[in-house]
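Heads up: the structure comes next, in structure tokens.
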Protein chains: 2
Amino acid sequence: MSLPHAILALLENENASGYDLARHFAHSAGHIWSATHQQIYLELGKLHQAGWVSYEIVSQDGKPDKKVYGITKNGTGELIRWLQRPSSQKRVREPLLIKVLGSHLIDSDDLIQELKRQREDNEISLAHFLNIEAEFKRKPVPLSLEQRSIYLALRRGILDRKAWLEWANEAEQLLEEDVQTAALNEPD
Amino acid sequence: MSLPHAILALLENENASGYDLARHFAHSAGHIWSATHQQIYLELGKLHQAGWVSYEIVSQDGKPDKKVYGITKNGTGELIRWLQRPSSQKRVREPLLIKVLGSHLIDSDDLIQELKRQREDNEISLAHFLNIEAEFKRKPVPLSLEQRSIYLALRRGILDRKAWLEWANEAEQLLEEDVQTAALNEPD
DNA sequence: GAACACATGTAACACGTTACATGATTGC
DNA sequence: GCAATCATGTAACGTGTTACATGTGTTC
């Protein structure tokens with residue numbers, strides 16, 4: 001429902017290939033929307049048919065050609081219309097929390113390992129966001145409206161990651177207490 | 001992919017009707033998974049066919065009959081198998097952040113209004129979670145494993161909502177500054 | 001008498017994921 | 001030689017949303 005508009009919003013900021021967009025959705029824009037390359041190429045096709053984006057083929061050396069997409073006037077119009085409509089609520093899909101809900105059914109270590117894996121991802125992502133934030137701090141204030149938009153979305157990513165890590169600390173502590181208790185009660 | 005297991009995890013904790021589950025996904029479990037009643041009734045049908053849940057029809061007075069579902073032994077087995085597999089990453093779908101990314105294209109007031117609407121939702125949800133947390137604080141420690149599972153998932157909801165509200169404060173401030181600047185430059 | 005909470009479902013369609021498919025270049 | 005990065009796509013299948021459908025009891 002919103003993926004096409006997520007793509008338009010990214011292109012409005014900067015021209016990009018499908019491959020670039022896929023990387024954005026996996027990294028810098030990962031807290032906004034997630035999408036696979038298959039979906040992105042499909043949507044770019046539809047957006048092109050609708051006349052909301054256009055592209056030019058750019059040759060590179062040492063790398064394959066790429067289609068660099070840009071938003072059209074009609075595309076910006078459509079994006080603005082969409083932005084003015086009330087947005088739907090976010091949809092939450094957190095498999096990890098299903099695991100947490102059922103954690104009493106499995107070995108605590110399983111969940112602790114899972115938490116550590118996801119902790120790494122969150123730390124990498126947070127570090128990445130903090131780097132971008134540091135660049136913003138070097139820019140003169142007040143920011144342009146475009147820059148402010150990007151900054152606000154970035155701040156959401158930072159606060160989100162920090163909150164997740166804070167929770168993970170609590171969770172790991174509680175789960176490890178339990179492992180220790182079990183070890184005390186059943187020493188081998 | 002995980003909705004059936006989210007349902008199994010909820011039923012493992014407490015028997016419920018499709019209607020009850022829909023409410024859970026809309027309220028107490030809203031930070032774990034979101035699902036509509038249509039999807040839930042459909043999945044309950046599939047889970048029943050697979051033999052992972054069973055139900056009994058309960059008559060009530062003043063209210064229509066309901067089917068109260070419970071997890072079966074096979075269902076618990078399947079849930080445990082799923083819990084032990086590495087979980088996939090969460091999928092993010094936040095239409096509001098697309099709006100933020102494109103906020104320079106629209107009137108700041110539009111976005112501020114949107115933020116205020118979602119702020120209310122978050123505050124209600126946070127208050128609800130804090131109430132449940134207060135009940136936990138009245139329980140004797142250490143918590144049973146089942147209770148600890150629920151508590152951990154709850155804490156995630158609380159930290160998530162708080163982080164969102166913190167961000168909304170920042171965002172509203174930045175956006176309102178801009179409205180004031182505009183008013184100074186173009187007084188009527 | 002209107003709106004809301006309770007309660008359960010089907011059907012059509014849109015969206016998203018997984019698997020498949022290809023091919024060049026660079027670093028180990 | 002193997003894996004990784006760059007680059008773009010199609011096909012089959014599964015998931016999720018929107019619209020439709022129905023009916024009772026309670027509160028304003």
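Order of the sequence lines fixes the chain letters, A, B, ..., with proteins taken first and strands second; residue numbering starts at 1 for each chain.
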Between [X] and [N], is there a contact of a side-chain N or O with OP1 or OP2 at under 4.0 Å?
X     : N      : answer
A:Y19 : D:dC6  : yes
B:R23 : C:dA7  : no
B:Q39 : D:dT15 : no

Nearest-angstrom distance from the residue atom [atom1] of [X] to [atom2] of [N]:
X     : N      : atom1 : atom2 : answer
B:I57 : C:dT8  : CD1   : C1'   : 11 Å
A:Y55 : D:dA7  : OH    : C1'   : 14 Å
A:D61 : D:dC6  : CG    : P     : 15 Å
A:L21 : C:dG16 : CG    : C1'   : 17 Å
B:L47 : C:dT8  : CG    : P     : 15 Å
B:D20 : C:dA7  : CG    : C1'   : 10 Å
A:L42 : D:dG9  : CG    : P     : 10 Å
A:Y41 : D:dA7  : OH    : P     : 8 Å

Residue [X], side-chain atoms from C-beta onward, closest of [options]:
X     : options               : answer
A:R93 : D:dT17, C:dG9, D:dC6  : D:dT17
A:K66 : C:dT8, D:dT8, D:dG16  : D:dT8
A:T36 : C:dT8, C:dT18, C:dG16 : C:dT18
A:P64 : D:dG9, D:dT15, D:dC6  : D:dC6
A:K46 : C:dG16, C:dA7, C:dC15 : C:dC15

I'd like to know if the side chain of [X] pairs up with that of [Y] as donor and acceptor (distance under 3.5 Å, no hydrogens or angles considered).
X      : Y      : result
B:S149 : A:S103 : yes
A:S87  : B:E114 : yes
A:E43  : A:H5   : no

Handout entry: First of B:D65 and A:Q38 reached from the 5' end of DNA chain C, by closest nucleotide
Key =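 The residue mapped nearer the 5' terminus is B:D65.
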Practice task
Between B:Q60 and A:K63, just flag the one whose closest nucleotide in DNA chain C comes earlier from the 5' side.
Solution key: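 First, find each residue's nearest nucleotide; the 5'-ward one identifies B:Q60.
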Exercise for the section: Between B:G62 and A:S17, just flag the one whose closest nucleotide in DNA chain D comes earlier from the 5' side. Expected result: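 Its nearest nucleotide lies further toward 5', so the answer is A:S17.
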Handout entry: 4.5 Å side-chain heavy-atom contact, B:W167 and B:L115
Key =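 Yes, their side chains come closer than 4.5 Å.
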Handout entry: N-O pairing of B:E172 and B:R119 below 4.0 Å
Key =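 Looking at B:R119 together with B:E172, the answer is yes, because their closest N to O distance falls below 4.0 Å.
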